[in-house]
Amino acid sequence: MRSYIVQGLILTCLAAPVLAQDTSSGAQTPTTTNQAQLANQQALLLRYGTRLTEAAQKYQLFNKLTALATPDQLDTIHKLRISPSQAMDLLKAFQDNMPKGTLDKDAMAALRRNITPKAEQILGADQFDLFIGLVPSPQQTEAARNILKSVAATPEGIAAKQASDDLSKSLSDDQRRFLQPFLDLMNDPGTPAKAPAPSKRPVKGSPASRMLVYLKKTSLGDTYAEVYPESNFSEYLAHRYRLSGADPAVVSNLSNTEGLPVRVLGTLKDDQLNLANNSLSGPPSLLAVSGDYTAWRGRMPAKVTSANPPTVTLNLGRGQAANATLDLQTDAERQGVAQHSNGADFMLTGTALTGADGKITLCDLEFADWRPATSQVAAAAVVQGSEDFLEHAANSFLNGHSDMFGGTSGNVRFFVSDIGTTLMGCQPGQVRLYGRVACTHTGLDVLGANAEVVCSASMVKGRLQLTPVPGSMQIRVDYPLYGAMPASWTANLERIAGSQYSSGISLPVTDAFSKQILDNGVLVQSQLDGLQMATQPTGDRRTALVSLAAPVPAGSTSAAVDILRNRVAAPGEFTLAVSEDTINNTIKLKLPPMLPIVRPIPEQYRKQGGASLNEVEIPELDVSFSKGQFVINNCVINVHWSFGPFSGVEPGARFKGTASVVGTGNPAKIGLRLHVDQLDFLSTRITGLAPNEQQELKDKLIKGMQEFTLELPPPPDIMVNLLSPQTRLVLTGAGGSADPSELLIHGRLDP
């Protein structure tokens with residue numbers, strides 16, 4: 001818990017001069033920097049951050065600074081409550097009143113005089129008195145400086161100082177003034193610190209595992225291992241690791257500025273990837289991926305389909321599947337296939353290498369038993385969203401409300417570059433919210449950090465209630481140096497935020513489309529208010545699922561269905577599944593007032609033997625929904641015609657059959673495709689013909705009806721203003737499901 005105080009010490013002693021720079025509209029115009037210069041500056045800044053991280057970790061710099069907090073300051077943490085809005089107001093007040101030049105005693109005294117009345121007004125008298133108690137004493141400030149001096153005198157500190165000097169030479173005057181406190185951390189060496197002695201009890205390391213990383217080389221020749229969510233579906237954030245235990249010559253040959261995919265065997269700790277020693281009994285620790293292959297890694301339900309060669313069918317989620325040949329390299333992998341070759345589904349983790357011909361080879365395998373999660377609910381309708389659909393929704397919100405997620409002051413820009421939701425690392429009923437925060441100065445990235453929190457998720461009267469799980473907040477600075485905030489720090493942040501944090505947020509979910517649903521009679525308000533939520537974390541972002549289920553009306557005898565059975569048809573989409581009973585109840589309510597139904601005849605079918613067929617009239621229609629399709633029990637069709645000055649209505653035909661729902665296109669055009677089981681003519685003009693003529697005409701008419709898709713009126717665009725003024729729901733397809741009997745409507749967010 002003392003670490004929070006240390007954070008304040010560091011900010012006050014070291015970072016405060018940064019805020020003292022003039023970042024108003026009258027700040028110095030930055031020197032023009034081309035892309036090559038900027039890339040070199042970023043590489044130098046990253047090298048300095050890496051060197052600084054190595055020194056801080058080896059000599060336990062942050063632990064030593066942590067010990068400086070007093071018991072009174074720790075006690076203050078428990079009592080202090082500052083809301084996010086108050087914190088922003090305080091930060092702005094400090095920025096507006098920060099004196100220029102060196103922060104000596106006189107400058108600090110002036111700052112305190114200026115800030116005191118404003119801080120007391122923002123916090124209130126009681127909280128202000130507590131806040132003042134957190135200000136570090138001169139003795140604490142001096143002790144912090146001495147700790148930094150001791151690390152600066154070590155070989156690692158000297159290397160960091162050299163990297164700092166190299167970076168400083170590349171910066172403009174304006175950039176150098178802004179970064180000076182950071183550049184000076186290792187500037188004043190004192191008595192060298194000693195690294196803590198190794199533990200007498202040997203610590204057993206975690207077993208090495210295979211991973212897919214990209215070895216990326218900076219313009220300075222430094223190489224890092226990077227993991228991307230785009231290629232590793234068991235991750236949701238990009239991460240950069242330092243390499244340890246690798247031959248520099250080999251690493252250099254397996255990396256480039258874009259990043260080359262490499263299969264590695266090693267262990268992870270903080271920001272470091274420790275490679276395992278090469279073993280004669282297995283493949284080497286570093287395995288390059290051929291340039292003819294694309295590579296990705298994931299955790300997927302699978303089923304063995306062939307023993308020789310060993311082949312599996314992979315369930316990639318969102319309606320996608322693929323066959324893959326297994327590359328069995330170890331006894332454990334061969335035993336895993338043998339144990340799961342009984343035809344049952346199992347969970348398979350592996351690296352997929354996809355060739356130019358589309359064939360997949362799966363390697364670096366891990367096997368696990370698997371039983372899919374289920375949730376049986378008597379539901380009138382179910383809405384399901386894939387994790388990438390939720391990701392799209394989160395970023396639509398970011399793009400639509402960019403003013404809420406950043407700010408600029410002179411040459412300094414602070415912004416949230418990414419927000420998202422994931423089920424990774426969550427229990428059922430939880431979601432993880434995360435975001436990336438960045439800061440730039442004159443276009444140079446000077447800070448990058450990730451923040452995340454796990455929330456319990458539930459539906460309350462049509463609103464999504466997200467309540468943070470205490471202790472789940474994580475904050476990690478990863479550029480230019482690695483600095484995961486200890487749990488004690490984040491716990492203190494949670495306490496300071498108080499009730500505003502713990503109560504969570506409530507977001508409207510049904511507002512965007514409730515009017516259309518209620519007007520169509522699909523659901524009533526009580527069903528929308530009674531939405532139930534279920535989540536399915538799977539360890540892979542492609543197969544994770546969030547479902548919202550509307551309960552059946554009171555008194556309904558509808559059977560329960562599995563609302564976690566994946567109905568999503570394509571990446572980035574959502575699916576609405578409407579039950580058979582719900583559709584039939586809607587038909588009974590809405591169809592009778594619509595009769596007779598009159599529709600214009602398509603232009604290409606109007607001219608018939610000199611007469612004009614203008615409209616089709618349906619005066620009688622008895623239809624129901626069963627086993628995923630509409631059943632037409634009775635349909636009477638009349639034809640409106642005209643011939644010169646004459647016009648009339650000719651009895652047409654009565655038929656029975658079925659109609660399947662189809663939807664194709666972008667956006668999809670939804671229609672009905674008929675299958676006629678029985679057709680009888682009603683027109684005396686036709687019934688008076690010879691039987692063979694009637695049959696010939698009947699066959700031609702049935703063929704035409706079955707080849708012609710009856711397009712339904714396009715639904716109106718459903719704007720989702722909660723996300724952004726431009727975001728809308730767009731239909732991408734439709735179809736039926738026989739078991740369970742449901743009408744499936746697929747869609748996506750656009751843009």
Side-chain angles (χ1 to χ4, degrees), residues 1-20 49 52-82 87 90-91 94 98 102-105 107-109 111-112 115 119 127-154 156-157 160-161 180-197 270 449 473 475-477 481-496:
M1 299 192 310
R2 295 172 296 179
S3 299
Y4 182 78
I5 302 298
V6 176
Q7 184 186 31
L9 292 172
I10 295 174
L11 289 175
T12 302
C13 303
L14 308 172
V18 174
L19 299 177
L52 201 58
T53 297
E54 291 172 347
Q57 290 178 345
K58 182 172 181 178
Y59 299 100
Q60 299 185 355
L61 172 62
F62 297 115
N63 290 338
K64 293 177 180 178
L65 292 173
T66 293
L68 297 178
T70 66
D72 289 342
Q73 289 171 325
L74 296 176
D75 183 62
T76 298
I77 291 296
H78 290 278
K79 300 175 182 178
L80 189 63
R81 295 290 183 269
I82 300 178
L90 282 173
L91 180 60
F94 272 97
M98 188 67 68
T102 305
L103 280 176
D104 53 21
K105 292 182 180 179
M108 287 298 296
L111 173 63
R112 186 164 183 167
I115 204 69
Q127 290 294 299
F128 173 75
D129 290 341
L130 291 172
F131 180 73
I132 289 298
L134 290 178
V135 177
S137 67
Q139 293 80 6
Q140 287 175 315
T141 302
E142 186 61 29
R145 287 174 175 159
N146 288 335
I147 291 172
L148 289 170
K149 288 180 180 180
S150 68
V151 176
T154 64
E156 291 79 10
K161 175 62 169 61
Q180 199 64 55
F182 183 59
L183 297 173
D184 288 344
L185 290 177
M186 300 289 104
N187 205 33
D188 188 9
T191 303
K194 292 183 179 181
D270 296 330
M473 180 186 290
I475 301 175
R476 294 187 299 273
V477 178
L481 74 167
Y482 180 87
M485 184 177 289
S488 57
W489 290 28
T490 52
N492 290 328
L493 289 178
E494 292 178 9
R495 292 190 186 97
I496 290 174

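None of these values were measured; they are calculated from a predicted model.
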Q) Which residues pass the side chain to side chain donor-acceptor pair (under 3.5 Å) test with Tyr482, sequence neighbours left out? A) none
Q | Separation of Phe62 CZ from Ile147 CD1 (nearest 0.5 Å) | A | 11.5 Å
**Q.** Residues in side-chain contact (heavy atoms from CB on, under 4.5 Å) contact with Ala160, at least two apart in sequence or another chain
**A.** Tyr48, Arg51, Leu52, Met186
Q. Looking at residues at least two apart in the chain, or sitting in another chain, which of them share a side chain to side chain donor-acceptor pair (under 3.5 Å) with Asp184?
A. Gln180
**Q.** Which atom of Pro196 lies closest to which atom of Lys58, heavy atoms considered
**A.** CD-O, 3.3 Å
**Q.** Pairwise distance NZ(Lys161) to CG(Leu183) - rounded to 0.5 angstrom
**A.** 9.5 Å
**Q.** Atom pair OG1/CG of Thr53 and Asp270 - distance to nearest 0.5 Å
**A.** 9.5 Å
(Q) List the residues meeting side chain to side chain donor-acceptor pair (under 3.5 Å) with Glu54, not counting sequence neighbours, and say none if there are none. (A) Arg242
Q) At their closest point, which heavy atom of Ala193 faces which heavy atom of Tyr59, and how far apart are they? A) O-CE2, 3.6 Å
Q | Value rounded to 0.5 Å, distance of OG1 in Thr154 from NZ in Lys194 | A | 13.5 Å
Q: Go through the steps for Leu61 and Leu148 under the test side chain to side chain contact (heavy atoms under 4.5 Å, CB included), then give the verdict.
A: CA-CA 8 Å; Leu61 172 62; Leu148 289 170; 4.0 Å; yes
Q.
Restricting to side-chain contact (heavy atoms from CB on, under 4.5 Å), what partner residues turn up for Pro189, sequence neighbours left out?
A. Ala152, Ala153
Q: Identify, with sequence neighbours excluded, every residue that meets salt bridge (charged side-chain N to carboxylate O under 4.0 Å, His left out) alongside Asp188.
A: Lys149
